[in-house]
Amino acid sequence: MVALETDTASNTSTSVGIPNADGMVEEETTRLTGTQQFVTFAIGAEEYAVDIMQVREIQAWTEVTILPNQPHYMRGVLNLRGIIVPIFDLRRRFDQGDTEATSIHVVVIIAVGDRIIGILVDRVSDILTIDGSEIRAVPDLDDSGESEHIIGLVTAGERMVALLDTGSLFRHEIISSSLDAVEEPFAQQG
Amino acid sequence: MDEYEQFKTTYFAECAELLGDVEVQLSSLSDGSQDPEVLHAIFRAVHSIKAGAGAFKFTQLAAFSHEFEALLDRMRDGRIAVTEQGVNLLFKASDILSAMIEAAESKTQQSEDFGKEILDEISLIVTGKLAPSQTIKNSDDNQDSQVNQESAPDEKLTYQITFAPKTQLFKHANEPLLIIRELKSLGDLTSIPILKNLPSLAKMDGEEAYLAWNFELISNVRLDEVEEVFEFVTEDCDLEIKTVSDNSEPEDEIIEKTSVATQSSDPANQTAKSPVTAAKVTSIRVDLERLDRLVNMVGELVITQSMLSQQTNDLPSEQFPHMVRGLEELALHTRELQESVMSIRMQPVKSVFSRMPRLVRELSAKLNKKVNLTTIGENTEVDKTVIEEISDPITHMIRNSLDHGLEGTEERIELGKPDTGNVTLSAEHRAGRIVITISDDGRGINRQAVMKRARERGLIAETATPSDDEIDNMIFAPGFSTAEKVTDVSGRGVGMDVVRRNIQALGGRVSIQSTPGKGSRFTMTLPLTLAVMDGMIVQAGGDKYVIPIPNIVESLRPAKSSLKRLPTGQSLVHIRGHYVPLCSLHRVFNINGAITDPAEALVVLVESEEFGTTGIVVDELIGQQQVVIKSLESNYKPVPGISAATILGNGKVAPILDIEAIYRISQQELRNSPVPDDSDHSDVSENVQDSLASKEAATLAAQNAEIPTPSIG
Amino acid sequence: MSKKILAVDDSKTMRDMVSFTLKGAGYDVLEAADGLLALDALVSQSVDLVITDINMPNMDGISLVKALRENPSFSSTPILVLTTESDDSKKNEGRDAGATGWIVKPFEPEKLLKVVQKVCG
């Protein structure tokens with residue numbers, strides 16, 4: 001899109017496609033046996049993943065437009081080829097500090113239901129092909145409340161990857177209806 | 001056929017399955033199933049049985065299933081109704097079918113009359129009159145005659161054939177060369193290709209038919225055998241087959257005919273005709289989706305254009321005269337293009353207005369009031385996005401007029417009014433907006449009741465003395481309803497406050513004027529389109545925002561002496577004898593790095609029915625521009641103070657301000673951080689309420705303002 | 001190389017008979033029981049001719065013809081539709097959909113071979 005190029009010319013080339021899985025043959029057979037593929041990304045040392053079917057696009061961080069009085073993890077909105085997409089900071093969402101977002105940070109654009117949102121992460125790692133049986137439940141240990149947004153855990157080699165429930169993670173921001181606005185206790189005239 | 005004998009076993013096994021299917025489907029049919037697939041399935045089964053019966057020469061079975069199939073065919077396409085009687089007949093027919101198959105399998109001869117009764121009954125239904133035996137006989141006759149035809153004539157004939165394939169011939173995957181080969185197999189064939197329609201190689205289209213042929217076939221086959229060669233292509237070519245007893249028949253004639261034949265398929269001839277048909281077409285139907293795409297694309301073009309102008313604003317025009325003029329023209333044409341595209345989407349409000357007479361008729365019957373509805377200006381056009389949105393508010397206001405505005409018939413007579421009440425619905429264009437009014441000649445607003453209710457609900461202070469106009473407009477206050485009891489008609493849990501909020505959400509305004517005893521008038525103004533808007537780009541902190549131009553009265557840089565601050569924390573600016581409340585955008589939105597001192601900032605005076613005039617304090621005015629309205633809520637929750645967003649020339653998103661909401665938020669904030677009330681100043685506050693700057697006065701004065709103000713569309 | 005023909009009919013009897021006749025004349029024959037299965041079969045291979053019944057479950061013959069004609073790989077593959085009686089409406093429906101020609105059931109083996117030869121050589 002032309003309008004984007006002025007500000008993001010240096011970044012457009014860093015927009016990456018989704019890397020290929022190890023081999024076509026394997027991909028073919030895994031689909032038949034009902035396994036799932038996930039795109040994994042990281043904030044710091046923590047790895048998270050979302051279903052590959054949700055991922056629309058991966059792009060480098062660009063300056064967003066801040067919306068007033070929003071939760072601190074809602075970074076702002078981005079123009080994605082004419083549609084306006086909210087960008088959420090995953091690190092802030094999990095209260096793990098602040099992301100000093102630069103052009104080496106990555107925004108993963110995903111679809112949650114009929115909504116399109118972006119998640120700011122440090123980097124995208126790879127694509128994980130796993131069988132449903134490999135997904136383990138989240139141990140009910142920490143009381144941070146964070147685990148309710150994790151569908152399950154997967155071990156990939158040495159790494160532990162948390163499968164994100166994006167719907168629940170940003171439910172308040174993207175599912176709430178316009179009724180909320182009506183219910184807001186505005187000053188009454190008089 | 002004997003060589004098919006081996007397949008009979010498969011066939012009977014299949015028949016058993018098919019009969020089972022028929023049984024199942026028939027019982028669901030008799031259970032009242034309306035599923036069209038049921039009849040299709042029975043049809044297919046009988047059809048398969050028939051096909052096999054034909055192949056194996058089970059004539060009786062073939063004849064019966066043929067008739068059975070014909071009945072099912074007519075039932076499945078609705079030519080014959082599926083009655084209970086009909087279903088019973090199907091059951092009986094399937095019994096006969098089953099018995100016939102059994103007989104065929106066991107090679108037992110059945111009497112010729114077997115199943116005749118049912119067959120006749122079916123035939124009677126199918127044909128209405130024709131006896132079934134005749135139908136079967138006819139088809140037998142056909143076969144006989146075919147056999148007879150196989151004896152060839154003794155003498156050799158000369159056939160002259162002209163064959164000019166059309167393009168469709170290739171589309172059906174027929175192949176002229178195969179046809180020629182087949183012709184050749186019939187006798188001595190001479191072929192002369194006609195090349196005159198062959199274009200140059202460069203112009204050749206692989207899909208197009210260019211070649212034609214003249215053939216001369218000397219053979220002892222009959223005419224119908226020659227015709228059979230062209231069986232599949234008769235409609236896809238120009239074909240002429242003539243027999244000539246004498247070879248000396250002039251060849252010219254044939255060639256002439258050929259040229260006539262090819263001429264009719266000459267594309268040039270056909271295109272010559274087309275303008276005549278085209279001239280008749282004065283309007284076309286366009287898919288809405290395509291139109292929306294066009295509007296979106298033009299929207300993107302506007303953004304690109306404004307980006308270009310922005311980037312080249314600083315170009316010295318004397319150095320780049322062509323560039324500067326080109327850009328000006330681009331801006332002009334883009335604007336014109338956008339207007340043309342938007343005008344395609346304009347529709348008369350008739351589609352909404354025309355629903356109202358029915359509503360009035362129903363309501364007046366329910367309320368037992370006599371009402372006469374008059375509609376004016378129903379051909380006034382607005383964008384389809386607006387059309388979709390005005391129906392609800394209009395419906396609501398008409399309900400309100402009938403329910404609360406108009407008196408009952410007896411009351412009207414008592415008051416000396418005509419017993420029939422009048423409601424007028426009108427639409428007109430005014431200053432680039434559509435104005436819709438709904439007026440009635442009813443009792444007008446009962447201001448005492450409104451005041452009482454407003455005080456009860458705490459909507460106004462006990463001591464406040466609002467003007468008549470202000471009292472009337474209190475019916476739009478949240479949670480307000482003037483009805484003594486919740487009525488069936490307009491008391492549906494949605495008050496006028498929601499109507500106003502919805503209209504405001506569209507960038508519209510609504511107000512009411514009322515004269516006691518004479519009637520009320522709702523006035524609703526809306527933008528002509530919800531797709532684009534004239535906006536003023538402002539800056540606060542590092543961020544840019546858009547204020548809708550229709551809201552803007554003027555902008556000014558206030559002198560320090562004109563600024564006042566109330567003990568409540570409310571800042572005011574004194575303009576030409578009026579105190580105007582200020583709300584700082586940076587405070588409302590918590591923007592960092594913005595100018596906090598109003599004396600150094602810029603004040604944009606905005607106006608709304610809800611609060612009159614207020615001043616929005618921002619850092620800077622960037623410029624006026626038409627913006628494309630993009631929904632923020634397609635991917636995010638509603639954000640208080642922001643109605644939508646747009647995309648600026650640099651590709652960045654800029655929020656469009658909802659000034660009413662911003663005012664409400666600022667008032668809320670003042671309330672939340674209360675400052676001890678000082679009674680000495682309270683009268684200042686009331687002065688402010690009484691002396692809100694009128695739009696006219698402000699605009700007039702704007703000419704003397706110290707900084708250039710934007711022109712207000 | 002002998003020509004390959006796909007015979008599509010929900011009736012196994014008909015498939016067997018078509019197949020038997022054509023194989024006897026030296027053609028390679030594939031079979032499919034309805035339109036969808038025919039399309040499946042054509043995903044991985046091409047054929048020189050398709051012969052299809054009209055009344056079939058899941059996907060009927062007319063829809064099959066349309067689907068094949070819309071696919072550039074099969075736009076010029078000859079297709080014969082099997083009609084039962086000399087029902088012109090079915091013939092025309094087949095033609096409009098893009099069929100090359102038709103065979104009227106029941107047919108003699110010679111007639112089938114003749115028509116097959118006529119459209120695919």
Side-chain angles (χ1 to χ4, degrees), chain B residues 1 3-4 6-15 17-18 21 37 40-41 43-58 62 65-66 69-70 73 139 142-143 146 168-175 177-179 181-182 185 206-207 228-236, chain C residues 9-21 24 34 48-50 53-57 60 65 68-69 74-80 82-87 89-92 94-112 114-115 117-121:
Chain B
M1 300 309 305
E3 56 192 297
Y4 286 157
Q6 52 173 316
F7 300 114
K8 280 187 182 169
T9 325
T10 331
Y11 173 69
F12 288 121
E14 198 172 41
C15 282
E17 265 176 53
L18 292 167
D21 282 354
E37 183 50 35
H40 283 301
F43 174 86
R44 278 196 305 268
V46 175
H47 176 84
S48 290
I49 291 170
K50 179 182 96 169
F56 299 123
K57 299 269 192 268
F58 300 137
S65 47
H66 175 80
E69 184 196 65
D73 190 35
S139 61
N142 268 343
Q143 272 180 339
Q146 254 173 2
Q168 301 98 284
L169 184 139
F170 298 106
K171 298 237 161 86
H172 290 115
N174 277 296
E175 177 52 73
L177 291 179
L178 288 174
I179 292 167
R181 196 189 294 171
E182 198 180 343
S185 73
E207 301 280 306
E228 202 191 313
V229 171
F230 298 96
E231 186 186 7
F232 297 154
V233 297
T234 42
E235 287 169 37
D236 293 341
Chain C
D9 200 311
D10 56 332
S11 156
K12 182 160 164 37
T13 315
M14 290 311 293
R15 283 203 308 274
D16 282 354
M17 290 196 300
V18 169
S19 178
F20 175 79
T21 309
D34 64 42
D48 299 293
L49 172 68
V50 175
D53 188 25
I54 289 183
N55 289 291
M56 294 183 291
D60 66 19
V65 174
L68 290 176
R69 283 294 176 253
F74 296 103
S75 61
S76 57
T77 302
I79 306 171
L80 293 171
L82 290 166
T83 60
T84 325
E85 57 281 7
S86 316
D87 182 354
S89 74
K90 279 283 175 287
K91 267 188 207 168
N92 288 335
R95 262 193 57 86
D96 292 347
T100 310
W102 51 87
I103 305 173
V104 179
K105 291 193 282 188
F107 46 80
E108 313 283 323
E110 309 88 74
K111 173 70 181 170
L112 174 66
K114 195 177 168 193
V115 174
Q117 216 159 30
K118 188 187 188 82
V119 296
C120 78

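With chain B as the partner, the residue from C:G24, C:P78, C:P57, C:C120 showing the most heavy-atom pairs under 4.5 Å is C:P57. Interface check for chain C: of the options B:R44, B:E175, B:E37, B:E235, the most heavy-atom pairs under 4.5 Å are formed by B:R44. For the set B:V229, B:I49, B:V233, B:L169, the count of heavy-atom pairs under 4.5 angstrom toward chain C peaks at B:V229. Counting heavy-atom pairs closer than 4.5 Å to chain B, the top residue among C:R95, C:Q117, C:M56 is C:R95.
Of the two parts of C:D10, the backbone and the side chain both hold a non-hydrogen atom closer than 4.5 Å to a non-hydrogen atom of chain B.
Side chain of C:T100 to backbone of C:I79: a donor-acceptor contact under 3.5 angstrom is found. No donor-acceptor pair under 3.5 Å is formed between the side chain of C:T77 and the backbone N or O of C:L49. Side chain of C:S19 to backbone of C:D16: no donor-acceptor contact under 3.5 angstrom is found.
Partners of B:E228 by salt bridge (charged side-chain N to carboxylate O under 4.0 Å, His left out), not counting sequence neighbours, listed by chain and number: C:K111, C:K114. A search for side chain to side chain donor-acceptor pair (under 3.5 Å) contacts involving C:T13 returns B:E14, not counting sequence neighbours.
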